[in-house]
Amino acid sequence: MQFWKPGTQAPGSSLDRIADGETSVISSAPLSASYSVQSARERLPIYKHRDKLLYCVEKYGVVIVVGQTGCGKTTQLPQYLNEAGWAADGNVIACTQPRRVAATSVAARVATETGSMIGDEVGYTIRFEDVSDKARTRILYLTDGILFRETLLDPLLSRYSVIMIDEAHERTVYTDLLLGVLKKIRRKRPSLRLIISSATLDATAFLNYFTNGDSVDDATIISLEGRMHPVDIAHLQEPVADYVLKAAETVWNIHQRQGPGDILVFLTGREEIDRCLEHLSEMLPTLPRTAPRLKLLALHAGLSVEEQLAAFEPAEKGSRKVIVSTNIAEASVTIEGIKYVIDSGFVKIRTYNPSSGLSSLVTVPISQASAIQRAGRAGRTSSGVCYRLYPSSVFNQLGTSTQPEITRTDLTTPLLQLKSLGIDDVMKFEWVTAPPAQSILRALEGLVAAEMVGEDGRLTVIGEKVAECPVEVNLARMLFASKDYRCGEELLTIVCMTTVQDVFIIPDGAAGAMAELERRKFTAEEGDHLTLLNVYNAFVRYGRSSSWCKSHALSFRALSRAVAIRSQLLKYMQRFGLPVDSCQGDARRLRQCLISGYWRHGARWVADGTYRSIQGNTMLYVHPTSVLFTRKPKSGWVIFHEMEETKKTQIRIVTEVDSDWFLPYGHRYCKSA
DNA sequence: GAGCACTGC
């Protein structure tokens, strides 16, 4: 079996020649499904490392495990540890995942392998769903966010003997926070074992983090070589001006000159995906009558569940499937049967500018780690080929890993939670990668202005409570204020509805215009917050039905999630003694309450139809999805949920208010300006 | 008059 290495090219390859069919693809037989579960486990590449892994976990406090997706570390390692007795005496082996689906699906698979019911010996915990048994569960899969939250309740995580942080190279905010806290915990509880599972390129960075760059006595790296199938890599010889067009051409060449197998294309967003598919459908009529058909599919998060599922259905016999996707197909979802990957080399990420407090979506080159991950998507069920739409010299210049999320995000919530853990001096926290000092300062200022943190840097009484609440700080602030405005019931709903995204489904073309009309039925003239309230109440009144959602162009998924979040937050409100009163239709009182959270998100209308932010006087455009997009607010003043920089600075979820309502917060502007 | 990478508690 041949293994590919990062940066290597298939022999003598330029993309064009490969797409012309000059390079053969090495084939190898996939794992047969006819073996029993036990012997299938033993056939996994990881199995030969079993004893070494167990020895290292025994000897070292921190073991960094390097291995490609598919080598079996996620499913096997916790089982090896269990078999070796690490879950004896009531101890639990934890394995964290960045995503909910991964935690649930891996747990189900391991339960099958161990011949037990899910939720018994093997369980999982994600938000809204705890399928585990406090006394019986030995192996627990959970999202890293849940485990971080657990440190708020049990700062030493004392029920766990081993904690495996899986997919650590993805560097989500919670992974980074967890690693920092776990390093601290290990000083107080050295018996706790940590396993950091990562892709190749980040391993030494993690090792250095845990050894502080010197003593290696307590940490080690194990490399689990081997993946199921080889993937040949082809680079373009010269960069291209239009990678969307090039992607379409490459699909076309593969289809005409290469053997069977589905094609996965990585682009950055919906607009590019649609353009690529348009190019391809224009070419379709020129396909010879006898040639296999080409099935064109888009895949991005904005699609409905049915549309997304289409990408997973096998192509009909004699036809080839082409999935043009965003980064969602890089790690979040896995499509079987992909043999060809086309990688644009770009990704759209959200970044945060701490000096303006603005977040923006920008298209940036991917990292080497991402490029390798994308290529690996071609080798899941058999050998494959990855066509990179950039030269190998460009690959070599890419950053090794994606910038950790914590360096490009608003730190308000993370800092509040660290303080709740007793880490008051966040400047001294041992970050795996330190965020910009300005981000920390801005978040601290915000926490002081919101009265979560006192002038002494310690949490206030309300700050302690808000830290426990799984919502943004300004939204939690409103929940607490709702007691004074007697509008807890409506405010709670609004908070949940602003938290879920894409409530309204607006398709392209004529269907979009129809959806637009449906949306107007819920419109409240005060603005989007009350419109969202109307939508939620109608959803509940009509029995939370998915067909009702469909006929009103609403997302059943989003609304169901809002219902789940609402019942979770309701428990917090009850615990904190916050009444859930109705405002009895008094929209004025309700909007006054909104200001208690949004007072820093105020803007005034100017004659050209744009707005100016109260803080900073930035020019703001109302997002086209807002009910205030077409209307001037009578008072001339609004508050908004969030602002984001695209081509322009846009505000989303906007509601009209009176300027007088800001007065009680005036003195705070002076402090935080 | 015009727009949305992806997660997570």
Side-chain angles (χ1 to χ4, degrees), chain A residues 96-103 125-130 142-153 167 170-178 266-274 299-303 325-333 344 346-351 359-364 366 370 402 405-406 408-409 413-414 416-417 420 466-473 475-476 496 499-508 512-513 515-516 555 558 561 564-565 568-569 572 608-610 621-626 628-631 642 644-648 650-653:
Chain A
T96 70
Q97 297 293 320
R99 281 170 294 280
R100 296 155 53 94
V101 274
T125 309
I126 58 177
R127 188 180 187 182
F128 309 130
E129 241 183 299
D130 182 4
L142 65 179
T143 48
D144 45 19
I146 286 275
L147 187 59
F148 182 69
R149 193 152 281 277
E150 195 170 332
T151 62
L152 297 176
L153 304 172
E167 315 286 2
E170 288 192 25
R171 303 294 300 275
T172 68
V173 168
Y174 285 119
T175 306
D176 273 31
L177 291 173
L178 257 182
F266 283 104
L267 296 176
T268 69
R270 176 177 165 173
E271 195 253 348
E272 285 181 7
I273 289 169
D274 291 345
L299 181 60
H300 53 83
L303 297 174
S325 172
T326 61
N327 218 32
I328 193 170
E330 184 179 304
S332 304
V333 301
S344 64
F346 288 93
V347 66
K348 213 179 267 192
I349 57 164
R350 183 189 281 272
T351 59
S359 70
S360 50
L361 278 174
V362 287
T363 300
V364 295
I366 58 171
S370 261
T402 310
E405 191 185 358
I406 198 134
R408 49 186 173 85
T409 195
T413 304
L416 182 68
Q417 291 179 333
S420 177
V466 167
E468 286 180 49
C469 237
V471 281
E472 277 172 51
V473 169
L475 297 179
C496 299
T499 307
V500 298
Q501 303 133 344
D502 303 318
V503 171
F504 301 100
I505 298 170
I506 310 289
D508 279 335
E516 220 36 75
S555 163
R561 195 170 162 78
I565 294 173
Q568 189 190 33
L569 290 182
Y572 280 92
D608 62 0
T610 64
Y621 292 81
V622 175
H623 196 276
T625 53
S626 171
L628 286 175
F629 182 63
T630 48
R631 275 193 319 109
E642 60 184 0
E644 188 171 72
E645 213 170 7
T646 49
K647 283 168 204 155
K648 298 175 288 197
Q650 290 182 325
I651 50 179
R652 284 185 61 245
I653 312 183

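For A:E170 and A:R99, the salt-bridge test passes: some basic side-chain N is under 4.0 Å from an acidic carboxylate O.
Within 4.0 Å of A:T646, counting heavy atoms only, lie sugar-phosphate atoms of the nucleic acid but no base atom. Within 4.0 Å of A:R652, counting heavy atoms only, lies no atom of the nucleic acid at all. Within 4.0 Å of A:F629, counting heavy atoms only, lies at least one base atom of the nucleic acid. A:Q501 comes within 4.0 angstrom of a nucleotide base, judged by non-hydrogen atoms across all strands. Within 4.0 Å of A:L361, counting heavy atoms only, lies at least one base atom of the nucleic acid. Nucleic acid contact class of A:I126 (heavy atoms, under 4.0 Å, all strands): sugar-phosphate only. Nucleic acid contact class of A:T326 (heavy atoms, under 4.0 Å, all strands): sugar-phosphate only. Counting any heavy atom pair closer than 4.0 Å across all strands shown, A:R149 reaches a base atom. Residue-level contact check: A:T363 touches neither bases nor backbone, having no heavy atom under 4.0 Å from any strand.
Reading DNA chain B from its 5' end, the first and the last nucleotide to sit under 4.0 Å from a heavy atom of chain A are B:dG1 to B:dC9.
Remark on DNA chain B: of its neighbouring residues A:H300 and A:Q568, the 5'-side contact belongs to A:H300, judged by nearest-heavy-atom nucleotide. Mapping A:N327 and A:C469 onto DNA chain B by nearest heavy atom places A:N327 closer to the 5' end of the strand.
Residues forming a ring-ring contact (aromatic ring centres under 6.0 Å, His included) with A:F346 (at least two apart in sequence, or on another chain): A:Y243. In terms of the side-chain hydrogen bond (donor to acceptor under 3.5 Å, both in side chains) criterion, residue partners of A:T625 (sequence neighbours excluded) are, by chain and number, A:H623.
Closest of all the heavy-atom pairs between A:V466 and A:A476 is CG1-CB, 3.6 Å.
Of the possible donor and acceptor atoms, one in the side chain of A:E405 sits under 3.5 Å from a partner among the backbone N and O of A:V173. A side-chain donor-acceptor contact under 3.5 Å links A:T151 to the backbone of A:F148.
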Residue pair A:R127, A:Q568: steps toward the side-chain contact (heavy atoms from CB on, under 4.5 Å) verdict: CA-CA 9 Å; A:R127 188 180 187 182; A:Q568 189 190 33; 2.7 Å; yes
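In this entry the base of B:dC6 is anti relative to its sugar, with a glycosidic angle more than 90° from 0.
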